[in-house]
There are 2 protein chains.
Amino acid sequence: MRATIRDVAKAAGVSTATVSRVLNKPDMVDPETMERVRAAMERMAYQPSAIARGLSAKRSDTLGLIVPGITDFFFNELYKGIDRASQQNGMKVLLYDSEHSRERALDGFSILGGYQVSGIIFTSKLVTEDYDPILQRVGIPVVLTLTQSEARTPLPSFRIDEVRAMFDVVAYLVTRGHQRIGMIAGRQWDDKTGELRLEGYRKGLRHFGIEYNEELVEYGQYRFDDGYQAMQRLLEKQPNFHMTALCTASDEMALGAIRCLNDNGLHVPEDISVVGFDDLPLARMITPRLTTVAQPFAEIGEAAVSWLVRAVGREPSPSEIGDYLLPHRLVERESVRALGS
Amino acid sequence: MRATIRDVAKAAGVSTATVSRVLNKPDMVDPETMERVRAAMERMAYQPSAIARGLSAKRSDTLGLIVPGITDFFFNELYKGIDRASQQNGMKVLLYDSEHSRERALDGFSILGGYQVSGIIFTSKLVTEDYDPILQRVGIPVVLTLTQSEARTPLPSFRIDEVRAMFDVVAYLVTRGHQRIGMIAGRQWDDKTGELRLEGYRKGLRHFGIEYNEELVEYGQYRFDDGYQAMQRLLEKQPNFHMTALCTASDEMALGAIRCLNDNGLHVPEDISVVGFDDLPLARMITPRLTTVAQPFAEIGEAAVSWLVRAVGREPSPSEIGDYLLPHRLVERESVRALGS
DNA sequence: CCCCTTGATGTCAACGCTTTCATTACTATT
DNA sequence: AATAGTAATGAAAGCGTTGACATCAAGGGG
């Protein structure tokens with residue numbers, strides 16, 4: 001049986017209150033007593049029960065993280081930031097995978113609530129009005145990362161300016177002499193990101209006086225296979241291939257597209273330029289190294305945690321609840337070719 | 001304020017014990033009462049406090065997972081298996097990242113212990129004798145995945161037969177006409193896997209009467225950059241390049257090696273064949289698709305959880321504490337070329 | 001008609017901690 | 001010397017559950 005606070009107290013000849021104090025309010029206890037207690041703890045390998053503490057103090061020093069899928073490639077980087085920041089604030093993270101299901105996502109709030117988490121980070125899926133009841137109910141701060149909210153309950157969100165980012169991609173491509181620019185956009189029932197990025201693409205074209213052409217656009221749900229299939233459709237739609245560059249809504253889809261191109265005897269960037277989105281670690285590992293938009297995942301995670309930590313225990317002012325757009329960055333690598341003049 | 005069990009009890013006109021029973025031993029309560037209680041819960045959006053339950057029942061229905069690094073590419077697949085199996089057994093998973101530090105790994109046991117986890121899954125790092133004190137102390141079952149133990153405390157481990165796996169790779173290569181086979185092996189202070197895979201490689205060579213040649217072997221710590229650099233050293237060691245095939249101790253290093261080869265104007269598999277290890281999701285995404293050894297990560301995770309669930313609350317018999325070797329599989333793709341005769 | 005089961009429910013003491021409030025022994029202030 | 005602070009500690013009441021035990025009504029066997 002593990003040692004409890006009572007055992008330590010007895011061993012050190014003090015009350016449990018004092019032991020609790022050396023842990024939580026060290027400056028309230030006499031240095032000498034402190035020493036004795038510390039020694040006792042050491043001796044008995046005392047580890048306070050986070051559970052009991054949580055129950056008593058009504059806070060668990062734990063943050064809940066809801067992600068749609070653990071296997072989404074961006075997860076690791078995001079988590080790294082969250083973990084790092086949590087660590088610094090003495091918090092633990094409880095992970096919940098909603099498996100891309102809206103119901104499970106909703107459940108997540110309750111379940112994490114049951115663990116007395118001090119705050120919840122919700123990731124990647126669009127928050128719609130049907131989240132409102134839960135959101136009202138949880139009673140703890142919630143922040144959004146890599147997504148935003150359409151619900152009534154105001155929620156802060158940490159992400160990049162998607163429209164701007166994709167606009168930048170188009171601009172980059174145009175500057176390199178491309179005119180026939182296609183796109184594999186994101187499409188998912190519960191995700192606004194796809195729309196936004198597509199909007200950025202259209203905006204970019206418009207800005208440079210290029211006509212939007214449906215023929216050059218296909219959709220997928222961000223994963224590799226979606227990218228592959230979308231590329232396939234693109235290839236079929238235009239037998240006499242004349243697209244010179246392709247934007248994608250995710251690195252994974254970019255990879256899929258490239259694979260598909262390769263399978264059809266086309267090469268990147270010689271025959272067609274491809275730009276990814278995310279800057280996953282693997283973007284620099286493949287051949288050709290992928291030119292892509294870097295999302296500051298780790299920073300987003302850290303920012304979300306900081307916000308949460310600041311918000312816990314008090315009503316955040318309206319001015320704090322807004323959209324925090326972190327800077328993205330276009331990372332030039334090898335998958336785009338400048339068209340000779 | 002969230003509704004507590006007392007609120008529900010009052011609303012339903014029963015005692016808290018009854019409410020607790022409808023949750024935990026439904027067959028002990030009258031259907032009619034049950035209905036009333038259920039309704040009350042529904043109405044008040046009652047969510048039992050996992051914390052309080054944990055304290056009272058002395059079990060938290062939570063498993064602890066210690067990984068060396070969240071960004072290790074195999075993590076996601078392993079976690080998927082763990083999460084799935086946990087779900088099925090009504091368990092949550094608490095994640096702890098040791099950041100490749102031995103001290104932090106040791107801490108992990110205490111911290112997770114503080115959360116009353118019912119069991120701990122320890123991953124990827126070799127367990128040495130200095131873990132013994134903690135191991136003795138935790139008092140909850142611990143299982144190892146993707147690694148093994150050299151400590152006194154007997155611990156079950158779930159992994160593949162590393163030696164055999166690498167032997168198979170060599171055999172595969174030899175069958176395809178390769179004789180000059182190099183290797184980028186794993187090396188890390190606290191990892192036995194590297195050794196084992198190297199042993200398999202040597203064993204393979206020996207079996208086919210090929211002499212082991214240090215010139216053809218380099219080491220890295222499993223990550224992309226390590227692979228890249230190791231390849232670089234290999235290239236420098238033998239200016240007149242005559243290696244026809246390369247085994248690696250991880251897919252990531254294989255990727256690194258391929259990148260390095262590409263940067264030196266060499267092509268895979270035309271100029272040299274490369275075999276990875278792990279079968280990460282990205283192995284099938286790159287060009288050329290990577291031939292590699294598939295580790296059943298998800299299955300390993302599931303098996304570990306099952307074992308834990310079975311072991312909780314009772315002393316597992318010695319016969320249950322052994323090495324569980326799950327089947328690996330060589331996945332043929334495109335990165336190996338059969339040498340013409 | 002009484003006693004014993006049985007099933008359904010209630011009572012209450014934990015679980016290991018934190019926190020308020022009370023107590024004690026000093027020290028500084030008048 | 002009396003009073004008021006102040007610093008260090010202790011006693012005890014929760015926190016929201018669970019689980020052992022007690023209670024009670026209804027039904028069955030003698």
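Since the model is a prediction, treat every value here as computed from it, not as a measurement.
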Look at all strands and tell whether [X] reaches a base, only sugar-phosphate, or nothing, counting heavy atoms closer than 4.0 Å.
{"X": "A:Ala57", "answer": "sugar-phosphate"}
{"X": "A:Thr18", "answer": "sugar-phosphate"}
{"X": "B:Val14", "answer": "sugar-phosphate"}
{"X": "A:Gly13", "answer": "sugar-phosphate"}

Rounding to a whole Å, what distance do you find between [X]:[atom1] and [N]:[atom2]?
{"X": "B:Arg6", "N": "D:dC15", "atom1": "CZ", "atom2": "C1'", "result": "9 Å"}
{"X": "A:Ile5", "N": "C:dT19", "atom1": "CD1", "atom2": "P", "result": "11 Å"}
{"X": "B:Arg59", "N": "C:dG16", "atom1": "CZ", "atom2": "C1'", "result": "17 Å"}
{"X": "A:Tyr46", "N": "C:dG16", "atom1": "OH", "atom2": "P", "result": "10 Å"}
{"X": "A:Arg53", "N": "C:dC15", "atom1": "CZ", "atom2": "C1'", "result": "16 Å"}
{"X": "B:Met28", "N": "C:dG10", "atom1": "CE", "atom2": "P", "result": "12 Å"}
{"X": "A:Gln47", "N": "C:dC15", "atom1": "CD", "atom2": "P", "result": "19 Å"}
{"X": "A:Asp61", "N": "C:dT18", "atom1": "CG", "atom2": "C1'", "result": "13 Å"}

On the nucleotide [N], are OP1 or OP2 found under 4.0 Å from the side-chain N or O atoms that [X] carries?
{"X": "A:Lys25", "N": "C:dT18", "result": "no"}
{"X": "B:Thr33", "N": "C:dT9", "result": "yes"}
{"X": "B:Lys58", "N": "D:dG19", "result": "no"}
{"X": "A:Tyr115", "N": "D:dG16", "result": "no"}

Side chain of [X] (C-beta onward), nearest among [options]:
{"X": "B:Ser49", "options": "D:dT9, C:dG16, D:dT17", "answer": "D:dT17"}
{"X": "A:Ser15", "options": "D:dG10, D:dG19, C:dG16", "answer": "D:dG10"}
{"X": "B:Asn24", "options": "D:dG19, D:dT18, D:dT17", "answer": "D:dT18"}
{"X": "B:Pro48", "options": "C:dG16, D:dT17, C:dT18", "answer": "D:dT17"}
{"X": "A:Ala17", "options": "D:dT17, D:dA12, C:dC17", "answer": "D:dA12"}

Can you check whether any acceptor in the base of [N] is under 3.5 Å from a donor in the side chain of [X], or vice versa?
{"X": "A:Ser56", "N": "D:dG14", "result": "yes"}
{"X": "A:Arg21", "N": "D:dG10", "result": "yes"}
{"X": "A:Ser20", "N": "C:dT18", "result": "no"}

> If you measure from OH on B:Tyr96 to CG on B:Asp107, what distance do you get to the nearest 0.5 Å?
Replying inline: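 Atom-to-atom, B:Tyr96:OH and B:Asp107:CG are 5.0 Å apart.
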> Between B:Leu55 and B:Asp30, which has a closest nucleotide on DNA chain C that is more 5'?
Replying inline: B:Asp30
> Under 30°, 30 to 60°, or over 60°: which ring-plane class applies to A:Tyr324 and A:Phe158, parallel, tilted or perpendicular?
Replying inline: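 Rings of A:Tyr324 and A:Phe158: parallel, under 30°.
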> Would you call the rings of B:Tyr131 and B:Phe122 parallel, tilted or perpendicular if under 30° counts as parallel and over 60° as perpendicular?
Replying inline: perpendicular
> Do A:Arg21 and A:Thr18 come within less than 4.5 Å of each other through their side chains, counting heavy atoms only?
Replying inline: yes
> Is a side-chain N or O of B:Arg104 found less than 3.5 angstrom from the main chain of B:Asp97, in a donor-acceptor match?
Replying inline: yes
> Going by distance alone, is a donor N or O of one side chain under 3.5 Å from an acceptor N or O of the other, for B:Thr128 and B:Arg102?
Replying inline: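 A pair is found: one side chain offers a donor N or O, the other an acceptor, under 3.5 Å apart.
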> Between A:Pro31 and A:Thr16, which has a closest nucleotide on DNA chain D that is more 5'?
Replying inline: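 So the residue in question is A:Pro31.
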>> Under the salt bridge (charged side-chain N to carboxylate O under 4.0 Å, His left out) definition, can you give me all pairs with a residue in residues 67-80 of chain A, not counting sequence neighbours?
In response: A:Asp72-A:Arg223, A:Glu77-A:Lys80
>> Restricting to non-hydrogen atoms, name the atom on B:Thr145 and the atom on B:Ala304 that form the minimum distance, rounded to 0.1 Å.
In response: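 Looking at all heavy atoms of both residues, the shortest contact is CG2-CB, 3.5 Å.
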> How about A:Arg137: does its CZ atom have over 12 heavy atoms from other parts shown lying under 6.0 Å from it?
Replying inline: yes
> If you fit an axis to the five pairs at each end of the helix from C:dC1-D:dG30 to C:dT30-D:dA1, how big is the angle between those two axes, to 10 degrees?
Replying inline: 50°
